[in-house]
Amino acid sequence: MTTILVTGGTGTLGRLVTEKLRADGHEVRVLSRHSEPYAVDLRKGGPALDAALAGVDTVVHCASSPNGGDEKAAGHLIAAARRAGVAHLVYISIVGVDRVPLPYYRAKLAVERRIEESGLGWTVLRATQFHDLMVTFLGKLTAPPLALLPAALSDQPIEVAEVADRLAELALTTPSGRVPDMGGPEVRSVPSLARAYLNATGRHRRLLEVPLFGRTYGAFRAGGHLAPEQAVGKGTFEEYLARRFG
């Protein structure tokens, strides 16, 4: 039986990874800032992190923050993993981190590079945006009566449980390096996703596409965050909406 530590194990993705691995009979430690007995802030590291990693074979690194600190957290995790003799570090990243110059994406790419150069056995999986993140995005855009949507933009949302299953699978194999990306089943225009969301929530809004400017928007508009050739996801956005909103 493998001992696995999941960072961010109380989050949207990490919780599902933890449940899947435990259901398969593995010992799983959940590391997050407020989850005992392994309550650790990775941005600070320290003796508690070393204690959490003692005897661990594999780490699944799901902890992340758009507000910053991912690189520092990864540095502490990698150093502690080396000291503990961890054999395999699995990291979840985002499709397009090497093509979209968003600060958060750049940080994720920097973490990928740290892991690749860590000397540890490693696996990196990139996935497109989760359905729940798309709902949060659309909820903000459609709050006013006139919903202003970024023009000529598409997305490829994926079911988080499918990504969790894949991460759990990778955690139980030998280090594989950069594995094929995971994309949702459909590349959809933002207006079509917005209409599906409004239908599911029983609301009506006027939709207006507005062009934006800058390198980041240009990279999104060019599809830098999409993986149409890896549309391996099964669950559609409408299926997710039906479960969430009935």
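Please read all numbers here as calculations on a predicted model, not as lab measurements.
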Under-4.0 Å salt bridge between Glu71 and Arg113: no
Under 3.5 Å side-chain donor-acceptor pair for Thr142 and Arg203: yes
Any donor-acceptor N/O pair, Arg29 side chain to Tyr38 backbone, under 3.5 Å: no
Side-chain donor/acceptor of Gln230 to backbone N/O of Gly183, under 3.5 Å: no
Ring geometry between His225 and Phe220 (parallel below 30°, tilted from 30 to 60°, perpendicular above 60°): perpendicular
Ionic contact status for Arg126 with Asp98, cut-off 4.0 Å: yes
Salt-bridge contact Arg178-Glu112 (side-chain N to carboxylate O under 4.0 Å): no
Whether Thr7 side chain and Leu31 backbone form a donor-acceptor pair below 3.5 Å: no
Identified side-chain hydrogen bond (donor to acceptor under 3.5 Å, both in side chains) counterpart of Arg243 within the set Glu159, Glu238, His131: Glu159
Side-chain donor or acceptor of His76 paired with backbone N/O of Leu42 under 3.5 Å: yes
Polar side chain donor-acceptor pair, Arg221 to Tyr217, under 3.5 angstrom: no
Short side-chain to backbone donor-acceptor contact, Lys108 and Ile92, under 3.5 Å: yes
Donor-acceptor under 3.5 Å (Asp70 side chain, Ser65 main chain): yes
Glu209 side-chain N/O to Ala152 backbone N/O, donor-acceptor pair under 3.5 Å: yes
Flag side-chain contact, heavy atom, 4.5 Å: Arg22 against Val30: yes
Electrostatic pair Glu169-Arg166, nearest N-O below 4.0 angstrom: yes
Check: Ser32 side chain, Gly8 main-chain N or O, donor-acceptor pair, under 3.5 Å: no
Heavy-atom side-chain proximity of Leu149 to Val210 below 4.5 angstrom: no
Polar side chain donor-acceptor pair, Thr2 to Asp57, under 3.5 angstrom: no
Distance-only side-chain donor-acceptor flag, His26 / Thr3, under 3.5 Å: no
Side-chain H-bond candidate by donor/acceptor type, Thr216 with Tyr105, under 3.5 Å: no
Pair Arg188 + Asp155, salt bridge at N-O below 4.0 Å: no
Ser176 side chain to Thr123 backbone, donor-acceptor under 3.5 Å: no
